[in-house]
Visitor: 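Questions regarding the structure given below will be posed in turn.
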Amino acid sequence: MEEQYKIFVFKSTYLTFKAERALKGAHVSCKVVTKPRDISSDCGLAIRVGASDEQTASKIMGDSGITSLGVW
Amino acid sequence: MIYLDNAATSHPKPESVYKRIDFVLRNASANPGRSGHRMAIEANRVIFESRESVARLFNIKRPERIIFTCNATAALNLALKGLLQPGDHCVTSDMEHNSMVRPLKFLSQQGVNVHRVQASREGSLDPDEVSSAITCETRLIAVTHASNVIGTITPIDAIIRAAHNKEVPVLIDAAQTAGSVPIDVEALDVDMLACPGHKGLFGPQGTGFLYVSPKINLNPTVFGGTGSRSDLDRMPDFLPDRYEAGTLNTPGIAGLGAGAEFISSEGVDAIRAHEKHMLSRLIDGLLRVLGVRVYGTGDIERRAAVVSFTIEGMDPAVIGDRLDTDFGIGVRVGIHCAPDAHKVIGSYPKGTVRMSPGYFTTPEDIDRAIEAVGVIAADRDNRRHVPVSAPRPALPRGWGE
């Protein structure tokens, strides 16, 4: 069965890596990926987590003061 | 070679800096912020980690407000040209480096009114005089943290307090202090801090940064690609991207990050203590040489690791040449890009010989430098112009001779 992912998009690359550090620090598996074109025409990056980790990831980022632009 | 030119660029660098640059240049030097392949992402991560390391060193709570530049000059240009508009008033001092003087001169030609507060002959700036110079049009106070000519440390804490009492922000040029004199951005409530990466921070040349507090909104001065909001024909409105157009110096910034981590590990206080020790030894020794005049304050607590001196009746250029040629000692001579400071201390136009020890300078280096100055001064007194018999230190392979 194909694994489901969620993509967190941030305003800046700086925030993307700040989020990556916060998630890895909390042992949440994540990966920095290119923003999918259907989310943004921007040539920036995003964070991909397993769909089951979406809520956990949102909480960790919130606790770290990191605001995402949205989740897809 | 005995390197006493750390005020121009520090040398050597910590081993970790060489290793980090080498590693990044070989393994992570794709374009940060553009492509999404693994090496580009790693380059991004390098930039991110370096920004965090610099932020930790200066106690900066918002690392994204650190703008990487190619040197302190570029940082000062961004701060000054990004903020000041025709009709604005700016207070500065007559101890500034040309990196501050020249952009301010350019801006004065565009209609910015620049007021220079006079320093004492020791290079000290009186916070009350700075405060008195503030008018209702004053948009910025822009001062050096320490003179690059005589090392006198500016009381920035008192100046920032006085300026903030009148709701005027302060730009600090930390070219001679970053990494070797403690700077706590949060405690001092610094508005803007311009730093070179290649001096006290131990990074390579081609690096530097400007910290911009959340209270300050600058106009960008360089426009171009950032890898973010590429759909827009204007610069993004978020930092650091707003001020970081064009490809960053990834390996250089990696080295700067390693330098900042080295300093955090050693402790700025330990670095400052070592430099003060070298400074005392150097000044004491130079003052014992007949005919030598040392400029600036005798209070080591108020001096960064910079010593300017002259030998009566001798051209500083001749002294510098002999130090290099006969003794293998690297110094800087002349007016050090700060003509007004030399007018203040009375050494214009010939300037001075500047010796600037660093964290890796040893007491033996200082003693040999003092001895060499003694020989040069004695040669002048004896009217002897013969080569000294002191053994010439070997240069590294591939250097000269």
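Just so we're on the same page: letters track the sequence lines, and every chain starts at 1.
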Visitor: Quick one: which residues of residues 15-29 of chain A reach chain B at under 4.5 angstrom, heavy atoms only?
Guide: A:F17, A:K18, A:E20, A:R21, A:K24
Visitor: Which atom pair, heavy atoms only, marks the closest approach of A:K11 to B:F238?
Guide: O-CZ, 3.0 Å
Visitor: What part of B:D241 gets within 4.5 angstrom of chain A, counting heavy atoms only: side chain, backbone, both, or neither?
Guide: side chain
Visitor: Which bit of B:R38 is near chain A, if near means a heavy-atom gap under 4.5 Å: side chain, backbone, both or neither?
Guide: neither
Visitor: For chain B, which residues from residues 53-72 of chain A lie under 4.5 Å away (heavy-atom distances)?
Guide: none
Visitor: Counting only heavy atoms from other residues, nucleotides and ligands, does the tally under 6.0 Å from NZ of B:K19 exceed 12?
Guide: no
Visitor: Would you mind telling me which of B:R65, B:E244, B:E52, B:R51 makes a side-chain hydrogen bond (donor to acceptor under 3.5 Å, both in side chains) with A:Y14?
Guide: B:E52
Visitor: Would you mind checking which part of B:P32 comes under 4.5 Å of any heavy atom in chain A, side chain (CB onward), backbone (N, CA, C, O), both or neither?
Guide: neither
